[in-house]
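Each chain gets a letter, A, B and so on, in the order its sequence line appears, and its residues count up from 1.
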Amino acid sequence: MDVNGNFPAWKKKKRKFKIGKDGQKIKLKPSVPISVFPKSAQTNGVIRQSGGQESNISASLTIKKKKKFKKNKNKQNGTAVEMKDEFMTSSVQLTNGVLTKKAKVELKTIPSLLRVVEKPATPVRSISNLFASQSDSKVSYSEKPALPIKPSLLGTPVPSVSKTTISKSSVARTIAFTPSKDNIKSTPPSTPKFVPNSEKFTRPQLPIDVVEQQLMYELASQETLIVIGETGSGKSTQVPQLCVRAGIAEKGAIAVTEPRRVAAVSLAARVAVEMGTDIGGVVGYHVRFENATTHKTKIEYMTDGIVLRKALVSPLLDKYSTVIIDEAHERSLHSDVLMCILKKCQEQRRESKNPLRLIIMSATLQADKFQAYFDNAKVVLVAGRTFPIEVFHVNPKINKSFSSTDYVYNTVICVKHVHLNEPKGHDILVFLTGSEEIEAVAHQLAELNGSLPASADFILPVPLYAALRPEKQKEAFRKTPQGARKVIISTNIAETSVTIPGIRVVIDSGKVKSKRFEATNRIDVLKVHNVSKAQAKQRAGRAGRDAPGKCYRLYSREDFHKFETENMPEILRCNLSATFLELMKLGMKNPHRLQLLDPPEPENIDAALLELTSLGAIKPITSDRNKFILTDMGNSFCMYPLPPDHARVLFQAQKEGCIMEAIKIIAAMQTDALFSGGSDSKIDLDVERIRRRFETREGDHITLLKLVLLTNNFFDQLNSKTEADARYNKSNKSLEREYNEAIRKFCNDNMINEQHLKTASMIEDQLKEIAVEQNVPFSTCGADFTKIRKSIAVGMFLNSCEYDRQEDRYRLMINPAITLNIHPSSCLSRSKPAYIVFSELMKTNDLYALQVTLIDADWVRPLITEHKKIRKNHLAESAQRIQQIAQVEPKAKKPKLNTTL
DNA sequence: GAGCACTGC
């Protein structure tokens, strides 16, 4: 069916783009924006902004409405059979987070995963650094394989793990040596150290309670344990407590790593309540800018980045007896790197008095991969607890009205269908890729209200994405008004980061926008991709948080099967230079031999090494040019929580005498845009107008500095006013209120994102503190910004460009074959100076330089010449290395035992 | 004169 034929009027009038046969966005002519959230909407009950344009959509959907859903759902046993649905078909059901056909979901410890594995001999080492290789240090092998802590906790004789050696060929043989449940009950743990105070707090039953005793036994007996449990199983709150009750915390605190700050803070709060203590007592958390732990703390919830920084200071992490990596399936850069480091830690602490225990917790069934990585560690499965979700797919044979590629169009059709067929009061969550699409769909849905039957509720579209102003974001969490159905149209922010109550239906476009790093040219590519199967499952799961739900997938089951199983790990799609710098601080010498869960491409590794060498942070060892060590400069870079080129800017600024200004700029660069906006055109114009006020001919970095200086000024005045007011005995409460209101007004007047401003200022303080620790002398350049521009140019010289008048484009100085444009959001996009340096190179429809500063070519020329020299050697060496690897390859295929670098 | 998912130190 011809999509354009179906929706002639609004498609052309309201949308800035359409999606073509190949899935690419095609630009349409711009339109006049109409507010999506008209105040009158709720009083009138209907929005009428265009007459008669929707007649086609309502016609096509009325026909569909008459075709009844034939549901053969057997509600008693929670199973679903093939649904005869004219709209979409479903033969599967997502129960407890698991897609099932018929069988009931029963998750417990699967015997086949309980393997007894021959442990390789453990080397005893006398080394101080984590990544020392065999040739770097003396290695002697102990005669007896290392034993995990004796599993005598239960008082039950248990076969020894290491003595039940079985041959390699029979590894798959299963030996169930776990004592039976009855057995456990009759012999409870002999010395429970902490027991939740059930008088103060009784928590509801959790699925994890069923396997509690068994888990406790495994926690005590295994060196490494993998816990697989779906959402709602209670693993994130209970496993750390079980560790404490099993007496593991006696030898050191339990660290629990989370990928997000909110998770770390809220989990700590929850567990503190359950254990009847305060935050900072037995339970605490540590995230950036906030450390709520004390010497008493036994369970520390932390973000994975914090643990990584802690490892830089104390590589063996000997404060901790156990590290629990939560949400390992998300494969964040930090958690992947942590797993690699912790494995090394474990090897080195194995023979000590305080061996390190590792617990990997993950939601999806990627157990095999983690298990192989951790030398066949035991896996325990825990059931999840979410409500059943019916999953529908588009069936191209039946659903002829769907476009084959235009998921934005399909979204609107699907919302209308759901709205007219699902019970009133069931809110909808739609997943799309970006603000532009989201605003377009919100607009179209608002217009749909005009063509709804009188009996139907009002559709209340609510956009939700990160760049949206915070007040607007809050709309998504507001209670749905009577007589309306809330339709939240969101990016993947609603996948993990926020949970919206009341969602009963999810519509999944199957698309996501993601950034990948092209290492060879150092370009970020932002592109729409298909989601992974795991991601689709995660999205569907958002419908079953409060009650049974439904998920409509705007793609066929065949397409779904073609999706990747898991998300691409972050480590495979980002610039590795910052990570390598950290790992080298820990003693890694040859990144090519790094044993990661998913090893990056050799080209990406080489690109990061080249970048670090050119920045002067590392240098090859003369005896073996495959190995690198940190230079003094590289060592000081590690102290800052910054990408290496930004740290280099600070280093240069110290030389130039403008460290104060450089810190302000670099801090602001670490946050998202300080000017707040969204895809609301009216606001965009305002942002644009106000941004102009700060514009300079020197570029965006100086603009940023001017903005920060202005806000500093404002805060100084505000603070002195508040102090003065305090002397006049104003109450603290009213002072605080006035203070906060003044900030809000200032941010509103200047279109500044208050949250981002706050973050930037906290990062500024953090960087200042580090600079003081590093004995960096304080210096400022006053109003002469040349020194700052030079520091930026030197630090980021790899990003310097020369204007090509003939082409009317810029050429990258280190690689003139690459041509690019200055992004129109930059204040230099029109003036086009001869030489510039940029912060970031982003490929969307064109190759754009973001955040641009005017520079002098002489500042960077010597560095570029030097870089070209280094690159030449580098290329020759990497070619040689690839050849060597190719020759050694057959041998290298052998099963890996001890991993050395 | 274009358009930008999400985290984290």
Trainee: Tell me: CD of A/Q766 to C1' of B/dC9, nearest whole Å?
Mentor: 7 Å
Trainee: Charged N to carboxylate O below 4.0 Å: is that the case for A/K515 and A/E570?
Mentor: no
Trainee: Round to a whole Å and report the spacing from CZ of A/R573 to P of B/dC6.
Mentor: 13 Å
Trainee: Nearest whole angstrom, please: distance from the C1' of B/dC9 to the CD1 of A/I763.
Mentor: 9 Å
Trainee: Contacts to DNA chain B from residues 259-268 of chain A, heavy-atom cutoff under 4.0 Å, which residues?
Mentor: A/P259, A/R260, A/R261
Trainee: Any carboxylate oxygen within less than 4.0 angstrom of a Lys/Arg side-chain nitrogen, looking at A/R573 and A/E518?
Mentor: no
Trainee: Classify the nucleic acid contact of A/T844 as base, sugar-phosphate or nothing, counting any heavy atom under 4.0 Å across all strands shown.
Mentor: sugar-phosphate
Trainee: Would A/R539 and A/E495 pass as an ion pair if we require N to O under 4.0 Å?
Mentor: yes
Trainee: Pick base, sugar-phosphate or nothing for A/Y640, based on heavy-atom distances below 4.0 Å to the nucleic acid.
Mentor: nothing
Trainee: Using only heavy-atom distances, determine whether the side chains of A/N410 and A/Y555 contain a donor-acceptor pair under 3.5 Å.
Mentor: no
Trainee: What integer distance in Å separates A/E769:CD from B/dC9:C1'?
Mentor: 14 Å
Trainee: Using a heavy-atom cut-off of under 4.0 Å over every strand shown, decide if A/T491 touches base, sugar-phosphate, or nothing.
Mentor: sugar-phosphate
Trainee: Ring centroid separation for A/Y810 and A/F838, is it under 6.0 angstrom?
Mentor: no
Trainee: Run the side-chain contact (heavy atoms from CB on, under 4.5 Å) test against A/Q473 and tell me which residues pass, sequence neighbours left out.
Mentor: A/L464, A/L468
Trainee: Regarding A/T303, tell me which of base, sugar-phosphate or nothing describes its non-hydrogen contacts under 4.0 Å with the strands shown.
Mentor: sugar-phosphate
Trainee: Under 4.0 Å: is that the gap between some side-chain N or O of A/Y465 and OP1 or OP2 of B/dA5?
Mentor: no
Trainee: Choose from B/dG1, B/dG8, B/dA5 the nucleotide whose nearest atom is closest to any side-chain atom of A/K515.
Mentor: B/dA5
Trainee: Rounded to whole Å, how long is the line connecting atom CZ of A/R331 with atom P of B/dC6?
Mentor: 22 Å
Trainee: Would you mind telling me which of B/dC9, B/dT7, B/dG3 lies closest to the side-chain atoms of A/E570?
Mentor: B/dT7
Trainee: So which nucleotide from B/dC6, B/dC9, B/dG3 ends up closest to the side chain of A/R309?
Mentor: B/dC9
Trainee: Nearest to the side chain of A/A466, which nucleotide is it out of B/dC9, B/dC6, B/dG3?
Mentor: B/dC6
Trainee: Between B/dG3 and A/S825, is there an OP1 or OP2 to side-chain N/O distance shorter than 4.0 Å?
Mentor: no
Trainee: Under 3.5 Å, which donor-acceptor pairs do the side chains of residues 766-773 of chain A form with other protein atoms, sequence neighbours left out?
Mentor:
{"residue": "A/Q766", "atom": "OE1", "partner": "A/R288", "partner atom": "NE", "Å": "3.0"}
{"residue": "A/Q766", "atom": "OE1", "partner": "A/R288", "partner atom": "NH2", "Å": "2.8"}
{"residue": "A/K768", "atom": "NZ", "partner": "A/E764", "partner atom": "OE2", "Å": "3.0"}

Trainee: Mark yes or no: A/R553 above the aromatic ring of A/F560, with NZ or CZ under 6.0 Å from the six-membered ring centre and no more than 45 degrees from the axis.
Mentor: yes
Trainee: In whole angstrom, give the distance that lies between atom CG of A/N492 and atom P of B/dC4.
Mentor: 14 Å
Trainee: Find the distance A/L850:CG to B/dG3:C1' and express it as a whole number of Å.
Mentor: 11 Å
Trainee: For the pair made of CD1 in A/I493 and C1' in B/dC4, what is the distance, rounded to whole Å?
Mentor: 14 Å
Trainee: Does B/dG3 have its OP1 or OP2 closer than 4.0 Å to a side-chain nitrogen or oxygen of A/N845?
Mentor: yes
